[in-house]
Every structure is written in C-alpha cells, then in structure tokens.
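Reading through the structure tokens given below for one structure.
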2 protein chains.
Amino acid sequence: MKALTDTPGARAGRDAVAQGAAARGLGRDATIYQVADRAGVSIATVSRVLRGTTPVAVETRRRVLAAVDELRFTPSRSARSLAEGQHAANGIVFPDLSGPYFAEVVLGYEEVAAELGRSVLILSTHGRQAARQMVLDLASRVDGLVILGRTVGDEVLADLTARGLPLVLMARDPVAGADTVNAENSESARVLTEHLVHDHGYRSFAFLGDATTSTDTSQRWAAFRTVLREAKVPGPRAPTPCAFDEEGGRIAADRLLRRKRPRVLVCANDEIALGAVLAAEALGLRVPDDLAVTGWDDVMAARHSRPGLTTVRQPMRELGAWAARRLHERLAGDASEPRHEVLPTQLVQRASCGCHQEENR
Amino acid sequence: MKALTDTPGARAGRDAVAQGAAARGLGRDATIYQVADRAGVSIATVSRVLRGTTPVAVETRRRVLAAVDELRFTPSRSARSLAEGQHAANGIVFPDLSGPYFAEVVLGYEEVAAELGRSVLILSTHGRQAARQMVLDLASRVDGLVILGRTVGDEVLADLTARGLPLVLMARDPVAGADTVNAENSESARVLTEHLVHDHGYRSFAFLGDATTSTDTSQRWAAFRTVLREAKVPGPRAPTPCAFDEEGGRIAADRLLRRKRPRVLVCANDEIALGAVLAAEALGLRVPDDLAVTGWDDVMAARHSRPGLTTVRQPMRELGAWAARRLHERLAGDASEPRHEVLPTQLVQRASCGCHQEENR
DNA sequence: GCCGGACATGAAAGCGCTTACAGACACGCC
DNA sequence: GGCGTGTCTGTAAGCGCTTTCATGTCCGGC
C-alpha cells in the first residue's frame with residue numbers, strides 16, 4: 001500500500017534512511033508518518049488522537065491507537081519541542097557541594113516537577129570555568145530553571161530573564177525579575193546564638209564557614225555577630241574560612257584549635273560541624289564539655305552522631321518543591337511580580353551544645 | 001537590508017511572530033536566520049562557523065561571531081537535536097528510595113556525563129503506577145539511559161534496547177543487550193557474616209531488608225544464608241521484610257525485637273541499620289553489647305553514629321561514573337558484547353558489631 | 001589565455017511534529 | 001432539491017537547525 005498522506009516525494013526513501021541511520025542515535029523509532037500510514041489516515045489525525053486536541057471519529061481513533069500500539073510509537077520529543085516551542089522540562093543547577101543538602105533539594109524538586117509533568121535536568125557546575133557556557137546550554141533545553149547559590153554571575157541571570165526564561169533563585173541574593181526561595185537565616189541564627197550565650201553562658205566563640213561565597217552563610221554570620229555584640233560578648237572579626245564539607249571542617253577546626261581555644265564552634269553546616277568534632281576529639285577535647293559545636297541543616301548524620309549535633313533544621317525538600325511549583329505557575333502564565341519566599345527553620349537542640357547531657361543525644 | 005538567505009516568503013513576518021509569541025516559552029531568542037542576516041551570510045555559514053565542521057574564511061567567521069555575540073545567540077537545542085538525530089543528553093532513573101546511596105550515584109554520574117558534554121535528566125519513579133510511561137517519555141529525550149533497580153519491568157527494557165537505546169543497568173539483574181554495573185555483593189556478604197560468626201562467635205541472627213524487590217539484597221541474603229549454613233549456625237528462613245529507609249528499619253526492628261532476641265541484626269543498608277539501632281535503644285538494648293547491628297553502603301551517618309556502624313562500603317560514585325563512561329562508549333559506536341562490571345566493596349569494621357569496644361567507634 | 005582544482009559559500013531538502021485552514025461529507029430544513 | 005451547518009479529516013506551512021550538493025571565484029600551470 002502506498003503512503004496516503006505523504007507530501008509528494010518528500011518522504012521518498014524514508015524507511016531506507018531510517019534503517020540506515022538507525023544503527024544508533026534516535027534509532028529506528030517509528031514516526032508519526034508510519035503510524036498514519038498503517039492507520040490509513042493523515043499525520044494530522046494521528047497527532048490529534050494523541051494530543052486529544054480535536055474530536056476524532058471513534059472508529060478512526062481506534063485504528064490510530066491500534067497502529068500506535070503495534071508500532072510502539074513514541075513521539076519524538078525534539079520534534080515536538082520544536083513545533084510547540086516548549087520543552088516540558090525544567091533544570092536545576094547547583095555548585096560543587098555535593099552533600100545531603102543539595103541531594104534533598106533536588107529530590108524535592110524532582111518529585112514535584114514530575115508530578116507536574118515536567119522532566120528535570122540537573123547540572124552541577126563544580127566551580128568549573130565553563131559554568132557560564134554550561135548553564136547557557138542547559139537553558140536552551142528547558143522552559144525554566146532553578147539556580148542554587150553563586151553558581152554563575154548576575155549577568156548570566158540577567159541574560160536569561162531577559163530572554164523570558166523563568167528563574168527561581170535559591171540560597172542566593174535576588175536579581176531583578178526572578179523569584180527566590182530561601183530558608184530563614186537571620187532569625188534562626190539569632191535564636192541559636194542566644195541559646196548559646198544566654199542558656200549556656202558561653203563567652204568565647206568561633207564561626208566556621210565562608211561568608212563570601214554563600215549568601216546563607218553571610219546572613220547567618222551577620223546575625224550571629226549581632227547577638228554577640230548585643231550581649232557584649234567578644235567574638236571573632238570574621239568567619240574562619242572553611243570548605244563546605246566534612247574534610248574542610250576538620251582541617252579548619254584543627255588549625256584553629258591549635259592556636260585558640262574558643263568555647264564554641266558555630267559552623268555553617270552540619271558537615272563542617274561533624275568534621276570539627278572529629279578534629280576536636282583528635283586533639284583530646286571532649287564535646288560538648290570542652291568545646292560546644294553546632295551545625296546547620298540537620299542532615300541525617302547530625303541525628304545519629306554522638307553527641308547528637310545541635311543544628312538548625314532547614315526544609316530542604318520543601319525548598320525544592322516550592323521552586324518547582326513556582327516555576328510551574330510562571331510557565332502557566334503567571335506574570336506577577338517576583339516573589340521572595342522565606343521558609344521557616346527550626347533550632348534542634350541536641351547534646352553537642354551542652355544540652356541533654358545525661359542522655360548524650 | 002533584506003534577508004539574503006531566506007526561502008522566498010518562508011520567513012516573512014518572522015520577527016513579528018517572534019515578538020508576539022515570545023512573551024514566554026522559547027522566548028524571543030535569536031535564531032540562526034537573524035544571525036545570518038546580521039552577518040550578511042547564509043544560515044549554512046553560520047552553522048559551519050558554530051560547529052567548526054568546514055573551513056570558513058577568516059573575515060566571514062569574524063563577522064558571524066560578532067553577530068552571534070551581539071544577538072546573544074544560543075542555538076535552539078530541539079532544532080539541533082531534530083536535525084542531528086541526537087540529544088546529547090543521558091538519563092538516569094531510580095526508584096523511590098531517596099537516601100544517600102542514590103544521591104551519590106547520581107552525583108558520580110552527573111560529574112562524568114557533564115565532562116563528556118552530555119546533559120543529564122533524572123527521573124525518580126517513586127513506585128508510581130505511571131512509571132512505564134514516564135520512563136518511555138524520558139527515553140525519548142535522551143541518547144542513553146541508566147536504570148537503577150527494579151524501577152520498570154523487563155518488557156520495557158527489551159523495548160528500549162530493541163529501539164537501539166543504549167542501556168546501563170545498575171543494582172539489577174541483567175537483561176539481554178544491556179550493560180550492567182553492580183557492587184560486589186556475595187563475597188562481601190560472606191566476609192561480613194564470617195566475621196560475625198567466627199571472629200565474634202555470634203550464633204543467632206536476623207536479616208532486615210526486602211530481598212524480593214532488590215537484587216543486591218537478595219544476593220547479600222543468599223551469601224549470608226550460605227555462611228550460616230556452612231557454619232551450622234541456625235538462621236532465619238527468610239529476611240525480615242523492611243522498607244529501605246530509617247523509619248522502615250526502626251519499625252521492622254522494633255516489631256522483631258519484641259518477639260525475638262537475635263544476637264545480631266544484619267541489615268540491607270545503613271539507613272535500616274541506623275533505624276534498628278534506634279529501635280534497640282528504645283527497648284533498652286545496648287549496641288553492641290546486647291545486640292550487634294551491621295549495615296551496608298557506608299553512608300556518612302554510619303561513620304558518625306555511636307557506636308560507629310559496621311558496614312560494607314560501596315563505591316557509589318564510581319558506580320555512577322562507570323555507567324556514564326560506558327554509555328559514552330556505546331554512543332561513540334562501541335557495539336561489542338554487553339559488559340557486566342562488578343565493582344569491589346570493602347568491609348568496614350566499627351563498633352556496632354562488637355569491634356573497637358574501647359573507643360566505641 | 002585557458003583549464004582543472006581548491007576553497008568558500010549559498011540553496012534547499014530534511015529532521016518529525018503541531019496546527020491553521022480548507023475541503024468533504026452527511027444531515028436537516030425550508 | 002438546494003443550501004446552510006456541523007463534524008471529521010487532509011493539506012501544507014512552519015518550528016530552527018544540519019548537511020548535501022551545486023555554484024562561484026580565484027589560482028597556478030601549461
């Protein structure tokens with residue numbers, strides 16, 4: 001049977017080509033033409049049946065669906081994207097840090113995005129030089145993007161929003177035209193620090209973490225500093241710089257503790273804190289008796305370590321979920337003013353700050 | 001100036017349309033036509049400059065690059081994919097489990113894939129009914145796929161390989177035509193169990209984990225069972241079924257320990273084990289004095305918990321990395337027989353099995 | 001002064017889909 | 001019996017790229 005619906009000549013040799021080129025790549029997937037052929041209808045009708053945009057006679061629809069089934073037809077995503085001008089996909093880009101924090105955010109994001117029918121692309125910039133290009137590249141594959149931390153410069157973001165690409169920024173200062181979500185930082189830093197100063201009466205502090213690369217950290221540091229000042233407790237001039245992982249915490253704490261002996265180490269995240277505990281113990285210091293240590297995030301290990309790590313719980317999954325939902329609203333046409341959401345956090349008192357000594361939790 | 005290279009009429013009103021339709025979606029990104037226009041060349045030349053496929057005169061190239069720059073042109077990914085028949089993207093699909101194990105695998109995968117110039121799409125099936133459709137959908141966006149565990153049925157996999165889609169299976173039984181990577185299970189399970197039986201002399205065991213849904217677990221269970229049998233130590237008939245997370249471990253262990261009092265709990269992963277420790281302590285049992293507990297994976301929390309968790313370290317990132325590399329080879333044309341890689345694991349003895357009692361690590 | 005080849009570029013066909021538009025057909029009504 | 005009206009379906013123009021093929025153009029060699 002000859003193809004009924006082919007543009008004259010246009011499809012000549014299509015199958016031959018398909019076979020040849022099919023060794024790999026997009027492979028020998030059936031195309032809408034083959035389905036149309038088999039069902040004895042035009043490709044337009046096939047498309048209509050598949051998308052349900054226009055009523056199609058019952059019998060026709062049946063034939064089309066049968067053909068789709070027999071050929072195991074799955075529409076080509078790139079063709080569809082090209083025609084629709086949409087990708088039905090969202091991206092998320094995060095920096096080098098690969099710990100539990102980012103994993104949870106991504107998971108929360110993926111879960112919601114999937115529910116909303118969007119695929120999700122991930123990109124970790126690893127502080128690479130090519131970050132800019134990588135993000136731009138990613139941007140050309142998605143309808144919306146969430147960007148964590150200082151992965152790329154403001155110009156890139158401005159560029160993207162100018163292009164009309166909806167953006168949600170996370171753990172990063174706002175930029176014109178983009179929504180942001182963040183966990184509450186200042187208030188929880190204040191609560192934490194006040195707990196240490198007033199409830200425990202500590203008078204000597206250090207702060208581990210790099211406030212220059214992380215907005216979150218600089219906010220926490222600022223509030224921490226303010227509370228000390230208000231309480232007239234001497235404090236460090238600046239945070240002790242420190243890579244945001246366990247090893248970074250261990251090294252920074254080791255170096256610090258060999259020079260000074262603060263009573264408390266306030267750390268910018270749990271991994272640093274856990275590394276610091278290791279360093280302290282290696283130096284023969286008992287936590288919390290000789291040195292109190294606190295973290296941020298409340299990752300799994302914080303709960304299981306002994307002493308249990310006092311920390312500030314962040315709604316990591318919820319951060320991701322919020323971003324996914326917001327992006328969806330934007331893509332659904334919401335053109336309102338950018339929103340700047342701040343999600344609540346919670347102080348979790350465990351033993352590492354000196355609480356619950358009896359049970360060591 | 002009139003467009004030099006436009007198909008007569010075909011591009012009429014392009015800009016008007018672009019402006020109109022641009023409010024969102026693919027936006028008013030510049031197209032290759034605009035670049036060509038601005039540089040005074042044909043789109044073919046622009047393409048050639050950008051891809052470097054064919055030599056272009058120096059001066060021409062300069063003009064094109066200038067135009068690209070001025071218009072901030074980024075080629076449309078879907079158009080390119082459609083024309084090339086390639087996506088330059090890979091996918092990874094994993095089941096519901098969202099813990100550190102999967103996070104690490106994904107990270108290792110992303111890192112290598114990014115280096116190889118491929119974007120990565122992630123999909124978590126969450127045991128959803130629609131998993132099949134979601135995976136098929138994902139498959140239409142990528143050139144290759146890695147699939148973890150029993151996320152979808154064998155028919156789907158057969159379907160995909162038949163289509164010529166390179167597949168790497170992880171933590172899953174092989175399927176014709178697909179590569180697989182797994183962590184070594186039997187040998188390490190044997191070493192672990194022998195350690196417990198011979199070095200510690202334990203004679204009463206339970207095994208927590210669901211061997212019916214996880215290939216890894218069923219292999220571990222089998223080797224565990226074999227060692228007990230060889231040593232003539234009575235053991236359970238079957239694993240105690242248990243969800244693969246902390247809460248699952250806590251609940252299953254609680255229920256089990258209220259009925260029986262095995263001396264050892266061998267758990268299918270660290271999260272279950274950590275949950276089990278919680279349950280044991282809640283019942284007033286001391287670990288490891290009253291009850292030894294072991295895990296699998298060596299996640300961060302295993303290292304920090306007290307007692308330190310005895311476990312089997314898996315090279316999670318390396319699993320992901322291997323999959324990414326293998327996929328790349330396949331896409332580069334390697335059509336050799338499927339490979340079935342097994343990556344080494346390592347027993348990590350900490351305190352929860354009864355070792356290192358003095359320091360409680 | 002003419003010819004063959006190298007080199008640079010343009011024209012146009014596709015990639016596989018969506019969708020505006022138009023055509024075909026059946027029906028019911030005056 | 002002619003003519004709207006409504007329903008279903010086909011035609012073809014795009015979507016923005018890549019790539020094959022053809023067309024110049026410019027040279028050096030004879």
Side-chain angles (χ1 to χ4, degrees), chain A residues 3-14 17-18 21-22 25-36 39-61 63-64 73-88 140, chain B residues 3-14 17-18 21-22 25-36 39-61 63-64 73-88 140:
Chain A
L4 295 177
T5 58
D6 271 354
T7 305
R11 299 296 155 186
R14 174 181 293 269
V17 169
L26 251 26
R28 60 159 171 285
D29 291 2
T31 72
I32 200 174
Y33 289 91
Q34 293 163 17
V35 174
V41 300
S42 74
I43 59 165
T45 299
V46 175
S47 178
R48 286 193 273 253
V49 169
L50 259 27
R51 327 195 81 223
T53 44
T54 295
V56 169
V58 181
E59 167 58 12
T60 311
R61 142 182 250 93
R63 284 212 315 281
V64 169
F73 171 68
T74 307
S76 150
R77 192 59 241 188
S78 22
R80 185 173 268 188
S81 295
L82 182 57
E84 284 184 305
Q86 272 225 80
H87 298 282
S140 75
Chain B
L4 296 176
T5 58
D6 270 355
T7 304
R11 299 296 156 186
R14 174 180 295 270
V17 169
L26 251 25
R28 59 159 173 287
D29 292 0
T31 72
I32 199 174
Y33 288 91
Q34 292 162 17
V35 175
V41 298
S42 74
I43 59 165
T45 298
V46 175
S47 177
R48 286 193 272 253
V49 169
L50 260 26
R51 325 197 83 224
T53 44
T54 293
V56 169
V58 181
E59 167 58 12
T60 311
R61 144 183 250 92
R63 285 213 315 281
V64 169
F73 171 67
T74 306
S76 150
R77 192 57 242 189
S78 22
R80 184 172 267 190
S81 295
L82 182 56
E84 284 185 305
Q86 271 225 81
H87 298 281
S140 75

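In what follows, chains carry the letters A, B, and so on, assigned in the order in which the sequence lines appear, proteins first and then strands, with residues in each chain numbered from 1.
- Following rounding to the nearest Å, A:Y33 (OH) and C:dC17 (C1') show an atom-to-atom distance of 7 Å.
- Expressed to the nearest 0.5 Å, how far CZ of B:F73 lies from CG of B:D29 amounts to 9.0 Å.
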Return a table of donor-acceptor pairs under 3.5 angstrom between the side chains of residues 47-55 of chain B and protein atoms on other chains or two or more places apart.
{"from": "B:R51", "atom 1": "NH2", "to": "B:E84", "atom 2": "OE2", "distance (Å)": "2.4"}

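- Between the P atom of D:dC15 and the CG atom of B:L82 lies a distance of 14 Å, rounded to the nearest Å.
- Looking at every heavy atom in both residues, B:A79 comes nearest to A:L82 through CB-CD1, 3.8 Å.
- Taking both residues in full, the closest heavy atoms of B:R77 and A:S140 are given as CB-O, 3.1 Å, listed atom of the first, atom of the second, then distance.
- For the pair A:Q34 CD and C:dC17 C1', the interatomic distance rounds to 14 Å; values are reported in whole Å.
- For the pair B:Q86 CD and D:dT18 P, the computed distance is 13 Å after rounding to whole Å.
- An OP1 or OP2 oxygen of D:dG16 is reached within less than 4.0 angstrom by no side-chain nitrogen or oxygen of B:R80.
- One atom, CD1 of B:I43, and another, P of D:dC15, lie 12 Å apart when rounded to the nearest Å.
- Taking atom CZ of residue A:R77 and atom C1' of nucleotide C:dC15, one finds them 16 Å apart after rounding to whole Å.
- Within the model, atoms NE2 of A:H87 and OG of B:S76 stand 6.5 Å from one another, a figure rounded to the nearest 0.5 Å.
- The CD1 atom of A:I32 sits 12.0 Å away from the OG1 atom of A:T74 when rounded to the nearest 0.5 Å.
- Residue B:A79 places its side chain closer to D:dC17 than to any other of D:dG10, C:dG16, D:dC17.
- Recorded end-axis angle for the helix from C:dG1-D:dC30 to C:dC30-D:dG1 stands at 60°, based on five pairs per end and rounded to 10 degrees.
- Distance check, rounded to the nearest 0.5 Å: CZ of B:R80 to OG of A:S78 gives 13.0 Å.
- Distance, A:E84 CD to C:dA20 C1': 16 Å, rounded to whole Å.
- Interface residues of residues 45-60 of chain A facing DNA chain C, ordered by number: A:S47, A:R48, A:R51; criterion, heavy-atom separation under 4.0 Å.
- Which of C:dC17, C:dA11, D:dT11 sits closest to the side chain of A:A44 comes down to D:dT11.
- Listed pair B:S76 / D:dG16 fails the phosphate criterion, with no side-chain N or O lying under 4.0 Å from OP1 or OP2.
- Across the protein-nucleic acid pair, B:H87 atom NE2 and C:dC15 atom C1' stand 12 Å apart, rounded to whole Å.
- The closest side-chain heavy-atom distance from A:V64 to A:V41 is below 4.5 Å.
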